Amino acid sequence: MTGGHAQAAAPAPSQRSQHERRPVVVVCGLALQWIAIALAVVALAIPLIRLLALAVMDGIPLPGALGVVTLIAVLPGALVAVQSIVLVFAAKGRNWARILLGVLAVLAAIGAVSSVTADLPLHPGSVLSIIGVVLLFLPAANAWYRSRRTPSVPRTVPAPQR
């Protein structure tokens, strides 16, 4: 106690608060990623619903039409699920997840360039995903991700017994 006031001890680096504030660029980058995922879900759902309706109107039994729609939705749905899980880890400050989001953004950029060169409309989710990842690699975000690393503990190897 100093001057009649108790001083709170600073938390040890290993006991950092889980509520440590994220920089604005990280919050915005993560938000853009979530919006891109939502747009991907909508962009997937609308054509699948149309396909299901057309199949039923053409006389295909509902169970068969549902089977076709399910097969078409499996890969994009799995990709959305994986990206969502990776995004949760990126929000927790895991650098590997941020890097994986970067890889996915590169793939989105390749897809965006391919669609533009094929005279197809550019998917806004791809653009948002790319912008979001760029924000996650700005200097303030880099510093935050570095601060979230757990310090590595050197392992000691016991000396061999003779």
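What you are looking at is a predicted structure, and each value in this text was computed from that prediction instead of being measured. Just the heavy atoms: all of them, side chains too, but no hydrogens, waters or symmetry mates, feed the values below.
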Contact summary for [X] and [Y], nearest pair of heavy atoms:
| X | Y | answer |
| --- | --- | --- |
| Ala140 | Pro23 | O-CG, 3.6 Å |
| Ala90 | Ala97 | N-CB, 3.4 Å |
| Ala105 | Val133 | CB-CG2, 3.6 Å |

Can you hop from [X] to [Y] via hydrophobic side chains spaced under 4.5 Å?
| X | Y | result |
| --- | --- | --- |
| Val80 | Val82 | yes |
| Phe137 | Val86 | yes |
| Val106 | Val113 | no |

Straight-line distance of [X] [atom1] to [Y] [atom2], nearest 0.5 Å:
| X | Y | atom1 | atom2 | result |
| --- | --- | --- | --- | --- |
| Asn95 | Arg146 | CG | CZ | 9.5 Å |
| Ile110 | Ser126 | CD1 | OG | 11.5 Å |
| Ile130 | Leu107 | CD1 | CG | 10.0 Å |
| Lys92 | Arg148 | NZ | CZ | 10.5 Å |
| Leu136 | Leu87 | CG | CG | 8.0 Å |

I'd like a table of donor-acceptor pairs (distance under 3.5 Å, sequence neighbours excluded) in which one partner is a side-chain atom from residues 28-42, with atom names and distances.
{"unit_1": "Gln33", "atom_1": "OE1", "unit_2": "Gln83", "atom_2": "NE2", "d": "3.3"}
{"unit_1": "Gln33", "atom_1": "NE2", "unit_2": "Ser129", "atom_2": "O", "d": "2.7"}

Practice problem: Hey, could you give me each pair passing side-chain hydrogen bond (donor to acceptor under 3.5 Å, both in side chains) that has a residue in residues 133-145? Not counting sequence neighbours. | Solution: Arg98-Asn142
Applying side-chain contact (heavy atoms from CB on, under 4.5 Å), name anything that partners [X], two or more places apart in sequence or on another chain.
| X | answer |
| --- | --- |
| Val127 | Leu122, Ile131 |
| Leu44 | Leu48, Pro76 |
| Leu138 | Val25, Leu135 |

Would you mind listing every ring pair (Phe, Tyr, Trp, His ring centres under 6.0 Å) that reaches into [range], with sequence neighbours excluded?
| range | value |
| --- | --- |
| residues 47-81 | none |
| residues 86-107 | Phe89-Trp96 |
| residues 41-78 | none |
| residues 35-57 | none |

Quiz item: Which residues, ordered by chain and number, are linked to Leu54 in its hydrophobic cluster, where ILVMFWY side chains connect at heavy-atom gaps below 4.5 Å, directly or through other members?
Solution: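 Its cluster partners, ordered by chain and number, are Met57.
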What donor-acceptor contacts under 3.5 angstrom involve side-chain atoms of residues 58-67, with partners at least two apart or in another chain?
none

